[in-house]
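Since this is a predicted model, take the numbers as computed values, not measurements. When a ligand or atom number is given, it counts from 1 through the structure's own listing order.
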Amino acid sequence: MASPSRSGVFQQSTDRRMEHFAESISFDQRLYTQDIHGSIAHAQMLQSVGLISDQESQQIQDVLQEIQRDIQQQKFPWSVELEDIHMHIEQALINRLGDIGRKLHTGRSRNDQVSTDLRLWVRDAIDRMDGQLVALQRAFVGRCDSDADVILPAYTHLQRAQPVLAPHYWLAYCEKFERDRGRLADCRKRVNQCPLGAAAVAGTSLPIDRQDVARRLSFDSVADNSMDVSSDRDFVLEAAFVLAMIAEHLATWADEWILWSTVEFGFIRLPQEFCTGSSIMPQKVNPDMLELTRGKTARVIGNLQTLLVLIKALPLAYNRDFQEDKPALFDSFDTVEACLQLAPLVVEGMRLNRSAISERLERGYLDATSLMEYLIRHGVPQRTAHHCVGQLVGLAIERELRLAELSLEDFQRVCPALDSGVYEFLGVKNAVRAYLSYGSSAPQEVEKQIARWKDKLSLSIL
Ligand code: ARG
């Protein structure tokens, strides 16, 4: 089968080894829907400007749809000889329609075609992923009411820092995934520009209508410079970066909950459906879903690196190197989508070990900052207050006491400004109650944030 792109200039056929080396059909066949939709829109445009007749256009569209059905029903033959998805579909069209099929590639090149297909694919993938991120946010928000009264230690440097309400943790993840959604939406704007009609590199002398084809494919606009179109893979890199960022956020969450599920922390129990056992240690319930989520992040970051290096310093315009962008890009989407499919289920199924959490909550002097702020409110300069509370914590550690168990004399010896009102700010519950600032873990602030998120995700009843 001669490839449609191998013109009369060739006197030798392609070496078999070269065919295997150069093929992309093994991974770009997943672009078949986009390729066919792009071709149908192109044929309709060719018809509208009179480059093909109404009847030819109809025949081309019918056969393209037939080809799509054949592919869906796995009746379509794939062969490395035809290199990529574009040539497979065009050759099948020619096989079925003869000379009429040979007209489809009018005013078009595989360079603008591949960019079109990939943009349509990424656009759909972005929309799917946005839905998955919302589902994950919903899972976190869905826990907020039932976990509203749970206080957890917040950590910095993985050392106990200050007490917070559990929903404050859950909503922190919602914020991160919201920024990811914003990045996806921003990336989508640049994805959604129509390259079709830029042809190989310089455009065409044929009277095509680029606006028409862009409209048919629901692109927002037409890319302005044919040379840029031919050489632009920014959108691939941007998507790969956003995916790496999502994977980073997922890995942070996974790592935190892996720690929390250990005997050492004992904060949570993970849903067993997403854990595995050990073949030798019968007591083990391993957090594999979270470990793999954390582990797969490596691939997603690696893919971004691959793409950055792939595109670096390529001369304008199209270079065949671009073909190598697809395995990395597809893998990033597949990997992050797989993680996002399970993540909400793990969030929903996680059980907090409330008693184990609260039993140890008074350890680690989580209320020290609250005490320091009490002093500040009594006119003690911050640095002095910090120093005094440091001394009091030192005293409490020495006597193996909590701050609330120190006597008023102990407090006054270190800081004469203190009075018995101090006890109302000690202990984690009091410390949480004392928060005031916007965005803090103050109960009234967290409540407002929960309401805002429910509203945003349109969840009145969770
Ligand atoms: N398979 C190619 C790719 O993914 C399609 C474009 C080929 N264009 C060309 N001029 N050889 O980039």
Handout entry: Presence of salt bridge, Asp325 and Arg233, under 4.0 angstrom
Key = yes

Exercise for the section: May I ask you to say whether Glu19 pairs ionically with Arg16, meaning some side-chain N is under 4.0 Å from a carboxylate O? Expected result: yes

Problem - Presence of salt bridge, Arg183 and Asp186, under 4.0 angstrom - result: no

Problem - Within the protein, residues bringing a heavy atom under 4.0 Å of ligand 1, chain by chain - result: Ser24, Asp84, His86, Arg110, Asn111, Val114, Tyr318, Gln323, Lys326

Problem - Polar contact flag, side-chain donor to acceptor under 3.5 angstrom, Arg452-Gln449 - result: yes

Practice task
Go through the structure and list residues passing ring pair (Phe, Tyr, Trp, His ring centres under 6.0 Å) with Trp121, not counting sequence neighbours.
Solution key: Phe330, Phe333

Problem - Pair Asp99 + Arg102, salt bridge at N-O below 4.0 Å - result: yes

